[in-house]
Amino acid sequence: MPELPEVEVVRRGLEEILKDQPVLKKVELMRADLREPIPAKKISTLIGEKLLSVERRAKYLLLWTKKGALLSHLGMTGTWRVAPKGDERAHDHIYLHFGGGLRLAYRDPRRFGCFDYVKDPQKHPKLAELGPEPLNADFTGEVLWESLRGKTVALKVALMDQKIVVGVGNIYASEALFAAGIKPTLESRRLSKERAEVLVAEIKKILSRSIEQGGSSISDFAQATGESGYFQTTFRVYGRGGEPCVTCGQQVRTKILGGRNTFWCSHCQK
DNA sequence: CTCCTATCCTGCGAGC
DNA sequence: TGCTCGCAGGATAGGA
């Protein structure tokens, strides 16, 4: 589910739910590992603390207490939900119990997600090497262009590289390139500065529009995190291989790039 | 260094 | 209906 917009929607939902909650009373692990072992002992540092805010960095969530944060990555299939007593489901791996009786469940069938305890984000190995946030003002066409210098990988692969820019995953990479009229197979170093500006503008536009639409699903956050109407309705190329391009009618092409299926229109994207 | 591939894991839809 | 196959929104290790 989660690229940047979905994680941001989850962040907002979690922050709303956790606002004014009493202290975290118990962390219940239903298994010892996901993609990696869950550091239960370190995480237990947070017990007895209030959750003060929820931060998003790239596709990571940081649930902050004054002692440190619980780091949560949703992988491909991770979700958070409010799970009242009786609402236990297969693949619930972690329950957070709060003083007032609220229980939050982390569910992740494929277990590609991960957890950690973070004290200083700057020093955390998973966070330290991340590239710029696409929605921040410091992510500009020039910055992107600079970081693509000399790179021979397909532009679409570079967009999914979290060192170049964070939060753009397989769907939004295809969608942003379509919106910018740039073919995903273009060698990264061949992107002109001018076209980099266009691409950055489209990335920002598409991510923020998606967050806005996902925002409407915050109310049913407890049921189905992140599954906003955006997905079914507004993809222009993703998942539409062989179908006519929404702009010109030519067949949408597909190709595996960086191990992931990629969609584009060779008439509209040069 | 950079780039590419395989891999972790379960669920679901397509096709037989 | 039931089975198998291929594919799925991420990230990383290891090899070339």
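Note that the structure is predicted; figures quoted are calculated from it, not measured. Here is the naming used below: chain letters follow the sequence lines, and residue numbers restart at 1 for every chain.
A sub-4.0 Å separation between OP1 or OP2 of B:dG11 and a side-chain N or O of A:H91 is present. For the pair A:N261 and C:dA8, the criterion of a side-chain N or O lying under 4.0 Å from OP1 or OP2 is met. For A:R260 and C:dG9, the shortest distance from a side-chain N or O to OP1 or OP2 is below 4.0 Å. Phosphate proximity of B:dC3 to A:K151: present, with a side-chain N or O under 4.0 Å from OP1 or OP2. For C:dA11, one of the phosphate oxygens OP1 or OP2 lies less than 4.0 angstrom from a side-chain nitrogen or oxygen of A:H73.
Here the closest heavy-atom approach between residue A:A58 and residue A:L130 is recorded as CB-CD1, 3.7 Å. Shown here for A:E202 and A:A176, the closest heavy-atom pair between the two residues is CB-O, 4.0 Å.
Here the separation of C:dC7 from B:dT5, taken at their P atoms, is 15 Å to the nearest Å. Across the P atoms, B:dA6 and C:dG6 are found 15 Å apart, a figure rounded to whole Å. Going from the C1' atom of B:dC3 to that of C:dG9 covers 23 Å, rounded to whole Å.
Of the residues near DNA chain B, A:R35 and A:A90, the one whose nearest nucleotide (by heavy atom distance) lies more toward the 5' end is A:R35.
If you take CZ of A:R110 and P of C:dA11, they are 13 Å apart, rounded to a whole angstrom. The distance between atom CZ of A:R57 and atom P of C:dA11, rounded to the nearest whole Å, is 12 Å. Distance, A:H93 NE2 to B:dC8 P: 17 Å, rounded to whole Å. Here the P atom of nucleotide C:dA8 and the OH atom of A:Y172 are 17 Å apart, to the nearest Å. Atom CG of A:L148 is separated from atom P of B:dC3 by 10 Å (rounded to the nearest Å).
Judged by centroid separation below 5.5 Å and plane tilt below 30°, A:F112 does not stack onto the base of C:dA11.
With distances taken from any side-chain atom of A:V153 to the nucleotides B:dG11, B:dC3, C:dT12, the minimum falls on B:dC3. Side-chain proximity of A:M160 to the nucleotides C:dA8, C:dG10, B:dC3 is greatest for C:dG10. Checking B:dC9, C:dG9, B:dT10 against every side-chain atom of A:M76, the shortest atom distance belongs to C:dG9. Ranking C:dG10, C:dT12, B:dT10 by closeness to the A:K126 side chain, first place goes to C:dT12.
Among the heavy atoms of the strands lying under 4.0 Å from A:G169 are primed sugar atoms or P, OP1, OP2 only; no base atom is included.
Between A:Y106 and A:F115, a ring centre-to-centre spacing shorter than 6.0 Å is recorded.
Base-pair partner of C:dC7: B:dG11 (Watson-Crick or G-U wobble, both distances under 3.5 Å). In this structure C:dG15 sits in a base pair with B:dC3, meeting the Watson-Crick or G-U test at under 3.5 Å.
Within a 6.0 Å radius of NZ in A:K270, other residues, nucleotides and ligands contribute more than 12 heavy atoms. For A:R253, the CZ atom sits in a loose shell: 12 or fewer heavy atoms of surrounding residues, nucleotides or ligands are nearer than 6.0 Å.
When only modelled atom types and interatomic distance are considered, A:N261 and A:K255 share no side-chain donor-acceptor pair under 3.5 Å.
Counting atom types as modelled, A:R111 pairs no side-chain N or O with a base atom of B:dC9 as donor and acceptor under 3.5 Å.
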